[in-house]
Peer 1: 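The structure under discussion is supplied below as structure tokens; questions concerning it will follow.
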Amino acid sequence: MMDKAERCRQLTDKLSDRHILQKEEYLFLIENKDLCSEYLYKKARETTDRIYGKDIYIRGLIEFSSYCRNDCLYCGLRRSNHKAERYRLSEDQILSCTDTGYELGFRTFVLQGGEDPWYTDARMESIVRNIKQKHPDCAVTLSLGERSEESYKRLKEAGADRYLLRHETACREHYEKLHPPEMDFENRMKCLRKLKELGYQTGAGFMVGSPFQTEENLAEELLFLKELNPHMCGIGPFIPHKDTPFGDREAGTLSMTLFMLGLIRLTLPKVLLPATTALGTIDPRGRELGIMAGANVLMPNLSPGDVRKKYLLYDNKICTGDEAAQCIECLKKRMEKTGCRIVTDRGDSKGGNENDQI
Ligand code: SAH
Ligand code: SF4
């Protein structure tokens, strides 16, 4: 009989060739991840190299509002967290972040915030239009949570190129354990599909090790991602925030997050895959290891220094004291050790909506 390590290797090869496995096969790999993680990372990195080379794309993250009307149980910005410090950046402040970012070589700006109704469609349109007008060679990515179809449409017309909306979990029962009853799994999924339909380069994603997540859930995530075929996929470890209902839960692990990055890369070879700040938070070498496991995007913080300590989704977030320029220098150094290099390029996806998997 074939031993487990041999079976893992075979399944990794199969995934690397065909870019899809059965749920049981994914599950077998996840359950036995320590037997084949190094081999998986090697295959995943090779696949990334084949499609994107050694280039690492950078996205300047602007955390423009810490107000949120939602109450996701895992998040430090949830409305019930009365200890959270709230702020909003004005249009001028946002534009000054993009100017600084442009000077530093950023050609993508990600505007992320809580679901804050203060940013009406008209206000967001104006922000997007003005960024695109000042920097026509840049891509604008929005990460504003769930909005109406009309709103997504207007923002697209205003010039937004991409949208990040993590689905958080592909399993409805699991979703309901992570969110209050008024939040609806179906609506989240509907938003994601709508964004794709409207022509956004769309990013889905989830937290690794979120409360109640099972290994079977993780296998299902891969099947869901294969079906959705997003341009981008943001995953990072769940990290507890002390002033939330999940404050005393365990964080997701480095090893499982890296393993999922590798599996995602082989499942969706062309996907844009960030090594997230959360990954860098649970381990000082997290982002470098993420790149070695197949990630090809970094999202350094471009928010003004005085608000960084207020945008706390989870505890112990890194880089809250650095200037944007420092972040870039630090990341460049970190990347040297991986053999990859940061490039200044819009870094569009090489796949996605067209369903042109290789
Ligand atoms: N409000 C928007 C964007 C900001 S939150 C939205 O929810 O889509 C961005 C992402 O941060 C979320 O999708 C979630 O996956 C992640 N996040 C929130 N709380 C977290 C935590 N405690 N640990 C790790 N990631 C978290
Ligand atoms: Fe708000 Fe996003 Fe945090 Fe949920 S995850 S509470 S929507 S900021």
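Numbers for residues simply follow the sequence, beginning at 1.
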Peer 1: Do side-chain atoms of E31 reach the backbone of F28 as a donor and acceptor pair under 3.5 angstrom?
Peer 2: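 It does not hold such a pair.
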Peer 1: Do the charged groups of K190 and D184 touch, with an N to O distance under 4.0 Å?
Peer 2: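 Looking at D184 together with K190, the answer is no, because their closest N to O distance does not fall below 4.0 Å.
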Peer 1: Please answer whether the main-chain N or O of I131 pairs with a side-chain N or O of H135 as donor and acceptor at a distance below 3.5 Å.
Peer 2: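 Pair absent, no side-chain N/O of H135 close to backbone of I131.
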Peer 1: Using a strict 4.0 Å threshold on nitrogen-to-oxygen distance, state whether K42 and E46 make a salt bridge.
Peer 2: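 Looking at E46 together with K42, the answer is yes, because their closest N to O distance falls below 4.0 Å.
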Peer 1: Salt bridge between K134 and D99, side-chain N to carboxylate O under 4.0 Å?
Peer 2: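 Judged by the 4.0 Å cut-off on N to carboxylate O distance, K134 and D99 do form a salt bridge.
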Peer 1: Under 3.5 Å, is there a donor-acceptor pair between the side chain of E115 and the main chain of E146?
Peer 2: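 Pair found, side chain donor or acceptor close to backbone of E146.
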Peer 1: With K23 as reference, evaluate E216, E215, E221 under the salt bridge (Lys or Arg N to Asp or Glu O under 4.0 Å) test and give the passing residue.
Peer 2: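 Exactly one option meets the salt bridge (Lys or Arg N to Asp or Glu O under 4.0 Å) with K23, and it is E216.
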Peer 1: Verify the distance criterion only: is there a donor paired with an acceptor across the side chains of H174 and T169 at less than 3.5 Å?
Peer 2: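 Result is yes, a qualifying pair exists.
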Peer 1: Assess whether a salt bridge exists between R308 and E63, defined as any Lys/Arg side-chain N lying under 4.0 Å from an Asp/Glu carboxylate O.
Peer 2: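 So R308 does not pair with E63 through a salt bridge.
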Peer 1: Whether E182 and R79 form a salt bridge (side-chain N of Lys/Arg under 4.0 Å from carboxylate O of Asp/Glu) is what I want to check.
Peer 2: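 Judged by the 4.0 Å cut-off on N to carboxylate O distance, R79 and E182 do form a salt bridge.
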Peer 1: Would you say the side-chain atoms of Q213 pair up with the backbone N or O of G209, donor to acceptor, closer than 3.5 Å?
Peer 2: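 Yes: the side chain of Q213 pairs with the backbone of G209.
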Peer 1: If we ignore hydrogens and angles and just use 3.5 Å, is the side chain of K226 paired with the main-chain N or O of T267 as donor and acceptor?
Peer 2: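 Side chain of K226 to backbone of T267: a pair is present.
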Peer 1: Is the closest side-chain donor-acceptor distance between S210 and E168 under 3.5 Å?
Peer 2: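 Absent: no donor and acceptor within the cut-off.
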Peer 1: Find out whether the Lys NZ or Arg CZ of K156 is both under 6.0 angstrom from the six-membered ring centre of Y200 and within 45° of the ring's axis.
Peer 2: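 Judged by the rule, K156 and Y200 form a cation-pi pair.
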Peer 1: Assess whether a salt bridge exists between R285 and D283, defined as any Lys/Arg side-chain N lying under 4.0 Å from an Asp/Glu carboxylate O.
Peer 2: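 Result for this pair is no, no salt bridge flagged.
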Peer 1: Are L27 and L21 connected in the hydrophobic side-chain network, where two residues link if heavy atoms are under 4.5 Å apart?
Peer 2: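 L27 and L21: separate clusters.
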Peer 1: Is the distance between the ring centroids of F64 and Y119 under 6.0 Å?
Peer 2: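 They qualify: ring centres under 6.0 Å apart.
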Peer 1: Less than 4.5 Å apart, any side-chain heavy atom of L73 and any of L178?
Peer 2: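 The answer is no; the side chains never approach within 4.5 Å.
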Peer 1: Against the six-membered ring of F109, is R59 placed for a cation-pi contact (under 6.0 Å from the centre, within 45° of the normal)?
Peer 2: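 Pair R59/F109 does not count as cation-pi.
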Peer 1: More than 12 non-hydrogen atoms from neighbouring residues, nucleotides or ligands closer than 6.0 Å to CD on Q133, yes or no?
Peer 2: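 Counting other residues, nucleotides and ligands, CD of Q133 stays at 12 neighbours or fewer.
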Peer 1: Ion pair present between K309 and E85, side-chain N to carboxylate O less than 4.0 angstrom?
Peer 2: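 Not counted as a salt bridge, because no side-chain N and carboxylate O are separated by less than 4.0 Å.
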Peer 1: Taking the side chain as everything from C-beta on, heavy atoms only, tell me whether P237 gets closer than 4.5 Å to L254.
Peer 2: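 With C-beta onward as the side chain, the pair stays apart.
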Peer 1: For R341, is there an ion pair with D55 - N to carboxylate O distance below 4.0 angstrom?
Peer 2: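 Answer for the salt bridge query: yes.
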Peer 1: Check the pair T48, N296 against side chain to side chain donor-acceptor pair (under 3.5 Å), reporting the backbone distance first and the verdict last.
Peer 2: CA-CA 7 Å; T48 317; N296 69 327; over 6 Å; no
Peer 1: If the threshold is 4.0 Å, N to carboxylate O, is there a salt bridge linking R78 and D243?
Peer 2: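 Answer for the salt bridge query: no.
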Peer 1: Hey, does C138 have a side-chain heavy atom less than 4.5 Å from the side chain of R346?
Peer 2: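 Not touching, per the 4.5 Å side-chain cut-off.
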Peer 1: Suppose we call two aromatic rings close when their centres sit under 6.0 Å apart. Are Y74 and F238 close by that rule?
Peer 2: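 Centroid distance Y74-F238: not below 6.0 Å, so no.
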Peer 1: Taking T338 for its side chain and R334 for its backbone only, find out whether a donor-acceptor pair lies under 3.5 Å.
Peer 2: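 Such a contact is absent between T338 side chain and R334 backbone.
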Peer 1: Does S90 form a side chain to side chain donor-acceptor pair (under 3.5 Å) with D92? I'd like the steps, not just the answer.
Peer 2: CA-CA 5 Å; S90 67; D92 281 349; 5.4 Å; no
Peer 1: Taking L298's backbone N and O only, do any of them form a donor-acceptor pair with R287's side chain (distance below 3.5 Å, no angle check)?
Peer 2: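 Absent.
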Peer 1: Closer than 3.5 angstrom, by distance alone: can the side chain of E6 be matched with the main-chain N or O of D3 as a donor-acceptor pair?
Peer 2: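 Here the side-chain-to-backbone pair does not exist.
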Peer 1: Kindly indicate, with the supporting measurements, whether the criterion side chain to side chain donor-acceptor pair (under 3.5 Å) is fulfilled by Y311 and Q112.
Peer 2: CA-CA 10 Å; Y311 194 85; Q112 190 184 78; 2.9 Å; yes
Peer 1: Are R107 and D345 close enough for a salt bridge, meaning some N to O gap below 4.0 Å?
Peer 2: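 Here R107 does not pair with D345 in a salt bridge, since their nearest N and O are not under 4.0 Å apart.
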Peer 1: Do S37 and L258 touch side chain to side chain, with heavy atoms closer than 4.5 Å?
Peer 2: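 No, side chains not in contact.
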Peer 1: Show your working on side chain to side chain donor-acceptor pair (under 3.5 Å) between D121 and S151 and close with a plain yes or no.
Peer 2: CA-CA 6 Å; D121 291 344; S151 172; 2.7 Å; yes
Peer 1: Considering the options E91, R154, R147, R129, which one meets the side-chain contact (heavy atoms from CB on, under 4.5 Å) requirement together with M124?
Peer 2: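 Of the listed residues E91, R154, R147, R129, the side-chain contact (heavy atoms from CB on, under 4.5 Å) partner of M124 is R147.
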Peer 1: Should the heavy atoms of other residues, nucleotides or ligands under 6.0 Å from CD of Q93 be counted, would the total exceed 12?
Peer 2: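 More than 12 within 6.0 Å, yes.
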Peer 1: For L35, is there any backbone N or O sitting under 3.5 Å from a side-chain donor or acceptor partner on N32?
Peer 2: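 Pair absent, no side-chain N/O of N32 close to backbone of L35.
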Peer 1: Do NZ/NE/NH1/NH2 and the carboxylate oxygens of R9 and D13 come within less than 4.0 Å?
Peer 2: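 So R9 does not pair with D13 through a salt bridge.
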Peer 1: Could you tell me whether E250 atom CD has more than 12 heavy atoms of other residues or ligands within 6.0 Å of it?
Peer 2: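 Incorrect, the count does not exceed 12.
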Peer 1: Return yes if some donor-acceptor pair links the side-chain N/O of Y52 with the main-chain N/O of K350 below 3.5 Å, else return no.
Peer 2: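 Yes: the side chain of Y52 pairs with the backbone of K350.
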Peer 1: Taking the six-membered ring where the residue is Trp, are the ring centres of H167 and F224 under 6.0 Å apart?
Peer 2: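 That pair passes the under 6.0 Å test.
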Peer 1: What's the spacing between R123 CZ and I94 CD1 if we round to 0.5 Å?
Peer 2: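 It comes to 11.0 Å.
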Peer 1: Is the closest side-chain heavy-atom distance between R162 and V140 below 4.5 Å?
Peer 2: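 The answer is no; the side chains never approach within 4.5 Å.
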Peer 1: Within a 6.0 Å radius of atom NZ on K310, are there more than 12 heavy atoms belonging to other residues, nucleotides or ligands?
Peer 2: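 Enclosed.
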Peer 1: For the residue pair Y314 and H241, is the inter-centroid distance of their aromatic rings smaller than 6.0 Å?
Peer 2: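 No, ring centres 6.0 Å or more apart.
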Peer 1: Go through the steps for R88 and D116 under the test salt bridge (charged side-chain N to carboxylate O under 4.0 Å, His left out), then give the verdict.
Peer 2: CA-CA 9 Å; R88 292 186 175 110; D116 180 358; 2.7 Å; yes
Peer 1: Using a strict cut-off of less than 4.0 Å between a Lys/Arg side-chain nitrogen and an Asp/Glu carboxylate oxygen, indicate whether K43 and E38 qualify as a salt bridge.
Peer 2: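 Looking at K43 and E38, the cut-off is not met.
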Peer 1: Inspect the contact between E150 and K153 and indicate whether a charged nitrogen and a carboxylate oxygen are less than 4.0 angstrom apart.
Peer 2: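 Judged by the 4.0 Å cut-off on N to carboxylate O distance, K153 and E150 do not form a salt bridge.
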Peer 1: Roughly how far, to the nearest 0.5 Å, is CG of L263 from OH of Y41?
Peer 2: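 Interatomic distance, Y41 OH to L263 CG, rounded to 0.5 Å: 8.5 Å.
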Peer 1: Measure the OG1-CD distance between T98 and E103 for me, rounded to the nearest 0.5 Å.
Peer 2: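 If we round to the nearest 0.5 Å, T98:OG1 and E103:CD are 10.5 Å apart.
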